[in-house]
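Take a look at the structure below.
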4 protein chains.
Amino acid sequence: MGKREDIIAATGDLIVESGLQSLSFSKIFERAGVGSGTVYNYFPSKETLLNTLYRDAANLMDREVLAKYDQSTSLEKRFKTLLGNMARFVLAYRKELIVILSCSHSPYIAEELRTQITPSLQTALDIFAEGLASGELMPMDPMMAVTMVTGAITAVAQGALDGKYRLSEYSIDQAVDACWRAVLART
Amino acid sequence: MGKREDIIAATGDLIVESGLQSLSFSKIFERAGVGSGTVYNYFPSKETLLNTLYRDAANLMDREVLAKYDQSTSLEKRFKTLLGNMARFVLAYRKELIVILSCSHSPYIAEELRTQITPSLQTALDIFAEGLASGELMPMDPMMAVTMVTGAITAVAQGALDGKYRLSEYSIDQAVDACWRAVLART
Amino acid sequence: MGKREDIIAATGDLIVESGLQSLSFSKIFERAGVGSGTVYNYFPSKETLLNTLYRDAANLMDREVLAKYDQSTSLEKRFKTLLGNMARFVLAYRKELIVILSCSHSPYIAEELRTQITPSLQTALDIFAEGLASGELMPMDPMMAVTMVTGAITAVAQGALDGKYRLSEYSIDQAVDACWRAVLART
Amino acid sequence: MGKREDIIAATGDLIVESGLQSLSFSKIFERAGVGSGTVYNYFPSKETLLNTLYRDAANLMDREVLAKYDQSTSLEKRFKTLLGNMARFVLAYRKELIVILSCSHSPYIAEELRTQITPSLQTALDIFAEGLASGELMPMDPMMAVTMVTGAITAVAQGALDGKYRLSEYSIDQAVDACWRAVLART
DNA sequence: TATGAATGAGAGTTCATTCAT
DNA sequence: AATGAATGAACTCTCATTCAT
């Protein structure tokens, strides 16, 4: 691994261990095993480093959320694939999830990075637009609906990270099913 | 208003404007219009001030969430009262909600304060236990279920604060209804 | 006791317990059981308070050192009375001795207070002048001789306070005798 | 000179000029001509800096006190070498003596550093033990005897520093001789 | 006379960032 | 490219002192 990767890895590890608030450059230098000036060869500021870390994690999550997504399947299947992938992300990528949750309300992260419409978010919005048009889903503001279900899944993941309960494949399915029922139009 | 209230108000305002991370005592002194030492007449440390601020806001929220809660009504009515109150809290108490969300993962706030079972949380857990026993609700871990629906509502509120959409009484009802359907047992 | 005496007593107690460096007005207020402003009715500043405390203790010591001093007795008797009184002061007035030792090198205490020729010091100087003139004592600078023997006795007292050894009437006599031999002219 | 030496020198100078009580880091920065953070590259805290300063001075004094000490010479010669070296220390190392005297009762200096049995102290104790056994010296608690004579010499040195009198090689010899007579057994 | 809330200068310390090597 | 000593602004907090009550 190059120094750049060492620095990013060390930063993520420190956030997982002690949180974003207690993160300092000196700890990063020490953990990464590089000189203090070296970081500035790769990242012009702490802000840039954190944005890079966040973007990397967010991109990974985006890819994972869209994994095995098949546009040709039913609305329900696509919905559950997206949300299920999101929930499973916490099991496979604990570190990256913590980074995302820690950074997502930090002033260090550029506004446009936090509020951008990622491919997975766009896909989710499309699903709701389609379900709204077809009448399969409840008539709600798509952005609010997406915010609600992703908020639900994220909260479930965060609760698991906080040790409130254990998250199994079965309980993930339960949560995803619940989200589907939440938005499904009454029949 | 006394100085104590000035300090608390100034702290809350600053968190709303710039977030918890960029909050400093010097900004609080300046905003509250008091001398730097004055804060320490009321709060022995920054930690104490933030804990007080958080506890006040959390207690207020707890009271508001339990407003008009009537144990003698149906499970559905009670559930929707709780969640509706929570959603409406954001409309009436934007500042307090931001304080709660900002502080809820901060290392400044005492663990026991953040993870305590408040009356409203206990009430929600009781509702799920009752619904589980009667078969009216889906069989899920009650803590996970509560985490999920409160996460959904909180995310909806946060999205409104972030300006993603406007939150009306109608859309609040939509979100609350959706949460009810999410946990309702299939008939 | 009046407030003034309460304040002085509290200050002395705190110096004994924690030393002069960690002495603060807030601790004095609290210990004395008076309001913070009250001190300023009696002492215009911390410096004045400490000077008063020091002067009181120093005056007491001066009186004690001159106790039972009889000008009509032999040089040896007078010498040993003075030094013995000084050594015994530590046994009877531990608090006052600690105050004197703590303050004697503090910048708070006015130069002229620390370096003044007290009655007991003058008496000691007189003894040396007399002994010098009569040839009974070694020819030395009287001030240096007095400084030497009082330094010896003070060090012995300080060592006892520090717990290096226990100080008895017998060991006090030993130390005083030693000081007498130190300055006695060879016969 | 490196920054580290600049800092130590500046700290010593400030103690000589204004005493330990009025010593502050900001004064040290200014005097040493370094940035405020620089001190922390060398000393993690004010306490560490002062302990280093004290230890350096105490070690120097210890070496000087033991200079030309020859175990094979008579008890008297060894005694006078030690005490004479101690007295002469003040003439050659005024700054270091002031540092030692200032720090020796400061809470900043670690207890074990202040109360340790240094080689020179041990040597002095050994001399008294030997003299006691042989009957050459007065029967006294060795620790008290050492405390007494070193207290006498230190007081003499301190008095010279305070400008009470001038200290010459001759007066040093007088003081040392006096100390020897003080502890010498009557013949 | 007695009070204690209010003050602000100054304390020790941290830390993102720079720059000569 | 890599280093780490040096920086100084900003941080939390203390404390002698003032003053309206």
Side-chain angles (χ1 to χ4, degrees), chain A residues 2-4 6-7 21-30 32-50 108, chain B residues 2-4 6-7 21-30 32-50 108, chain C residues 2-4 6-7 21-30 32-50 108, chain D residues 2-4 6-7 21-30 32-50 108:
Chain A
K3 303 270 184 191
R4 191 175 190 281
D6 288 347
I7 292 164
Q21 290 226 33
S22 76
L23 181 72
S24 76
F25 258 32
S26 51
K27 289 177 190 165
I28 296 175
F29 308 146
E30 200 175 335
V34 302
S36 64
T38 303
V39 176
Y40 291 87
N41 287 334
Y42 298 103
F43 307 98
S45 72
K46 188 182 179 183
E47 203 175 329
T48 312
L49 167 56
L50 283 176
Y108 285 120
Chain B
K3 301 272 181 188
R4 191 173 191 279
D6 289 347
I7 291 163
Q21 291 223 35
S22 72
L23 182 71
S24 77
F25 258 31
S26 47
K27 289 177 190 166
I28 296 176
F29 308 147
E30 203 173 331
V34 301
S36 63
T38 302
V39 175
Y40 293 90
N41 286 339
Y42 298 102
F43 306 98
S45 71
K46 188 181 179 182
E47 203 176 328
T48 311
L49 168 56
L50 283 176
Y108 284 121
Chain C
K3 303 269 183 190
R4 191 173 189 282
D6 289 346
I7 292 164
Q21 290 226 33
S22 76
L23 182 72
S24 77
F25 258 33
S26 51
K27 289 178 189 164
I28 296 175
F29 308 147
E30 200 175 333
V34 302
S36 64
T38 303
V39 176
Y40 290 87
N41 287 334
Y42 299 102
F43 307 98
S45 71
K46 188 182 179 182
E47 203 177 326
T48 312
L49 168 55
L50 282 176
Y108 285 120
Chain D
K3 302 271 181 189
R4 191 174 190 280
D6 289 346
I7 291 164
Q21 290 223 34
S22 73
L23 181 72
S24 76
F25 258 33
S26 47
K27 289 176 189 164
I28 296 175
F29 308 147
E30 204 174 330
V34 301
S36 62
T38 302
V39 177
Y40 292 90
N41 285 338
Y42 299 102
F43 307 99
S45 71
K46 187 181 179 182
E47 203 176 328
T48 311
L49 168 56
L50 283 176
Y108 284 122

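Because only heavy atoms are used, hydrogens play no part in the values below, and waters and symmetry mates are left out as well, while side chains stay in. Just so it is clear: chains get the letters A, B, ... in the order the sequence lines come, proteins before strands, and each one is counted from 1.
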Whole-Å distance between [N] [atom2] and [X] [atom1]?
X: B:Q21; N: F:dA10; atom1: CD; atom2: P; value: 18 Å
X: D:N41; N: E:dG12; atom1: CG; atom2: P; value: 17 Å
X: D:L50; N: E:dA11; atom1: CG; atom2: C1'; value: 14 Å
X: D:F43; N: F:dA6; atom1: CZ; atom2: C1'; value: 15 Å
X: A:I28; N: E:dA16; atom1: CD1; atom2: P; value: 7 Å
X: A:L49; N: E:dC15; atom1: CG; atom2: C1'; value: 15 Å
X: A:E30; N: E:dT14; atom1: CD; atom2: C1'; value: 15 Å
X: B:Y42; N: E:dG4; atom1: OH; atom2: C1'; value: 10 Å

[X]: which residues meet the side chain to side chain donor-acceptor pair (under 3.5 Å) condition with it, sequence neighbours left out?
X: D:T48; result: D:S45
X: C:S36; result: none
X: B:S22; result: none

Given C:I7, C:L50, C:T38, C:I28, the one that forms side-chain contact (heavy atoms from CB on, under 4.5 Å) with C:F43: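 Result: among C:I7, C:L50, C:T38, C:I28, C:I7 is the only option passing the side-chain contact (heavy atoms from CB on, under 4.5 Å) with C:F43.
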Distance-minimising heavy-atom pair for A:Y108 and A:E47: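 Residues A:Y108 and A:E47, closest heavy atoms: O-CG, 3.1 Å.
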Distances for protein N or O near nucleotides 15-18 of chain F N or O, under 3.5 Å:
residue : atom : partner : partner atom : Å
F:dA16  : OP1  : C:K46   : NZ           : 2.9
F:dA16  : OP2  : C:F25   : N            : 2.5
F:dT17  : OP2  : C:K46   : N            : 2.9

Results of ring-ring contact (aromatic ring centres under 6.0 Å, His included) for B:F29 - residues two or more places apart only: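 B:F29: ring-ring contact (aromatic ring centres under 6.0 Å, His included) contacts with B:F25.
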Sugar-phosphate only, base, or nothing, as touched by B:V39 at under 4.0 Å among non-hydrogen atoms: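 No contact.
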Intra- and interstrand pairs of DNA chain E - dot-bracket, Watson-Crick/G-U under 3.5 Å, | marks other strand: .||||||||||||||||||||
From A:D6 atom CG to A:K3 atom NZ, the distance as rounded to the nearest 0.5 Å: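 Taking CG in A:D6 and NZ in A:K3, the distance rounds to 7.0 Å.
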